[in-house]
Student: 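Just dropping this structure here.
Throughout, numbering of the chain's residues begins at 1 and tracks the sequence.
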Amino acid sequence: MDEATVLQDSEKIVRNLRLILSYDGSEFAGWQVQPERATIQGTLASAIGRLTGENVLPQGSGRTDAGVHALAQVATFQTSSSIPTENWIKALNDVLPASIRVLEVTEATPDFHARKSAYAKTYRYRMYRGAICPPFLARYVWHYPFPLDEVAMALAAPLTVGEHDFTSFAAVDSERVERIAAGESLNHGEHGGTRGKAQESYVRTIFASSWTREGDELVYRVRGSGFLHHMVRNLVGTFLLVGKGTLTSEDFHRVLATRDRSAAGATAPAGGLYLVSVEYAEGGP
């Protein structure tokens with residue numbers, strides 16, 4: 001290699017690109033790359049590699065589970081490619097499957113990180129209440145046509161607002177134990193969130209929590225600093241018990257205070273959950 005080539009390589013500019021993605025999670029095994037399984041992260045990495053010849057692993061604002069959808073997931077990756085920013089959207093969408101769309105690509109500062117820089121996230125959960133669920137909605141809602149006290153659920157929703165220990169609503173799984181052993185910070189939880197040291201923390205701050213009726217759908221919206229693995233779906237499953245009359249609002253308080261997963265409701269199906277938006281301190285998505 002001659003001196004000119006070495007100088008040219010040393011002058012390559014590494015860019016930090018920020019993407020906003022929308023995806024249908026139905027056919028994917030979640031965000032995180034996994035051997036022999038189709039994932040959002042793996043599919044996006046492959047598409048970037050086809051365009052640049054680079055081996056990169058894009059970092060998302062959080063790891064959505066298998067079957068969970070996103071309206072505006074945020075991801076970052078570093079590249080030395082000279083592809084103009086304005087050309088990335090078309091280039092990626094040309095090679096990505098139709099179930100994943102890139103909505104926006106911008107240049108980010110070198111220290112910006114999709115997960116670590118996140119300030120807040122909003123999730124939405126859709127429950128279809130009609131007697132017959134249209135087949136074109138079936139993969140995107142939880143069909144629950146049975147009697148529920150929706151008013152009681154709406155009144156219980158704000159009980160989660162504020163800073164709480166959400167152990168009762170966190171998944172109990174081997175993956176979490178493995179992450180602790182690896183020294184990974186769990187203050188971000190499965191779905192990202194606030195910064196912190198490599199220690200296990202189940203404390204999160206919820207800014208808003210509500211149930212609303214929208215036609216044939218009962219929709220749960222929650223905005224918070226970060227969310228634990230399965231946390232939103234476990235909240236939905238516990239609110240369902242309030243709607244069925246199995247739990248009262250006072251019982252819900254006790255479930256939160258006990259910090260015991262077995263005290264809360266079952267995990268709601270993945271198909272009804274959407275990552276709606278991710279917020280950053282500088283005001284950008």
Student: Roughly how far apart are Arg204 CZ and His164 NE2, rounded to 0.5 Å?
Tutor: 13.5 Å
Student: Return the minimal non-hydrogen interatomic distance between Arg101 and Asn93, and the atom names on each side.
Tutor: NH2-O, 3.1 Å
Student: Using a strict 4.0 Å threshold on nitrogen-to-oxygen distance, state whether Glu107 and Arg15 make a salt bridge.
Tutor: yes
Student: I'd like to check Leu273 versus Arg233 (side-chain heavy atoms, cut-off strictly below 4.5 Å). Are they in contact?
Tutor: yes
Student: For Thr109, which residues count as a side chain to side chain contact (heavy atoms under 4.5 Å, CB included) partner, sequence neighbours excluded?
Tutor: Asp111, Phe112
Student: With sequence neighbours excluded, what pairs up with Thr52 under the side chain to side chain donor-acceptor pair (under 3.5 Å) test?
Tutor: Glu54
Student: Under the ring pair (Phe, Tyr, Trp, His ring centres under 6.0 Å) rule, what pairs show up with a residue in residues 38-59, not counting sequence neighbours?
Tutor: none
Student: Can you find a pair of side-chain heavy atoms, one from Leu44 and one from Leu19, that are under 4.5 Å apart?
Tutor: yes
Student: Taking only residues two or more places apart in sequence or in another chain, which ones pass side chain to side chain contact (heavy atoms under 4.5 Å, CB included) with Asp165?
Tutor: Thr167, Tyr202, Val203, Arg259
Student: Side chains of Glu250 and Thr248: donor-acceptor distance under 3.5 Å anywhere?
Tutor: yes
Student: Can you sort out the partners of Thr122 under side chain to side chain donor-acceptor pair (under 3.5 Å), two or more places apart, ordered by chain and number?
Tutor: none
Student: The criterion is side chain to side chain contact (heavy atoms under 4.5 Å, CB included); which residues satisfy it with Ala47, sequence neighbours excluded?
Tutor: Leu92, Val95, Leu96
Student: Tyr220 vs Phe239 aromatic rings, parallel, tilted or perpendicular, using cut-offs 30° and 60°?
Tutor: tilted
Student: Counting only pairs under 3.5 Å, give me each side-chain donor-acceptor contact of residues 263-272, with atom names and distances, residues two or more places apart or in other chains.
Tutor:
from: Thr267; atom 1: OG1; to: Asn234; atom 2: OD1; distance (Å): 2.6
from: Thr267; atom 1: OG1; to: Arg261; atom 2: NH2; distance (Å): 3.3

Student: Are the aromatic rings of Phe227 and Tyr123 close, with centres under 6.0 Å apart?
Tutor: yes
Student: Got a sec, which residues hit side chain to side chain donor-acceptor pair (under 3.5 Å) with Thr160, two or more places apart in sequence or on another chain?
Tutor: Ser209
Student: Answer yes or no: are there more than 12 heavy-atom neighbours, outside Asp94 itself, under 6.0 Å from its atom CG?
Tutor: yes
Student: Quick one: CZ on Phe28 to CD1 on Ile100, what's the gap to the nearest 0.5 Å?
Tutor: 3.5 Å
Student: Honestly curious: do Val236 and Val141 fall in one hydrophobic cluster under the side-chain, below-4.5 Å linking rule?
Tutor: no
Student: Would you please name every residue forming a side chain to side chain donor-acceptor pair (under 3.5 Å) with Glu214, sequence neighbours left out?
Tutor: Thr212, Arg221
Student: Test: ring pair (Phe, Tyr, Trp, His ring centres under 6.0 Å). Region: residues 86-105. Which pairs qualify, not counting sequence neighbours?
Tutor: Phe77-Trp88
Student: Between Tyr274 and His69, how do the two ring planes meet: parallel, tilted or perpendicular, split at 30° and 60°?
Tutor: tilted
Student: Can Ile89 be reached from Ile20 by stepping across I, L, V, M, F, W or Y side chains whose heavy atoms are under 4.5 Å apart?
Tutor: no
Student: Enumerate the ring pair (Phe, Tyr, Trp, His ring centres under 6.0 Å) contacts for residues 31-50, please, sequence neighbours excluded, ordered by first and then second residue.
Tutor: none
Student: Write down the atom of Ala72, the atom of Val278, and the distance for their closest heavy-atom approach.
Tutor: O-CG2, 4.0 Å
Student: Among pairs that include at least one residue of residues 136-157, which meet side-chain hydrogen bond (donor to acceptor under 3.5 Å, both in side chains), considering only residues two or more places apart or in two chains?
Tutor: Asp24-Tyr140, Glu27-Arg139, Arg129-Glu150, Glu150-Arg213
Student: For His229 and Asp65, test the side chains for any donor-to-acceptor distance below 3.5 angstrom and give the result as yes or no.
Tutor: yes
Student: When you compare the side chains of Thr64 and Gln73, does any donor N or O come within less than 3.5 Å of an acceptor on the partner?
Tutor: no
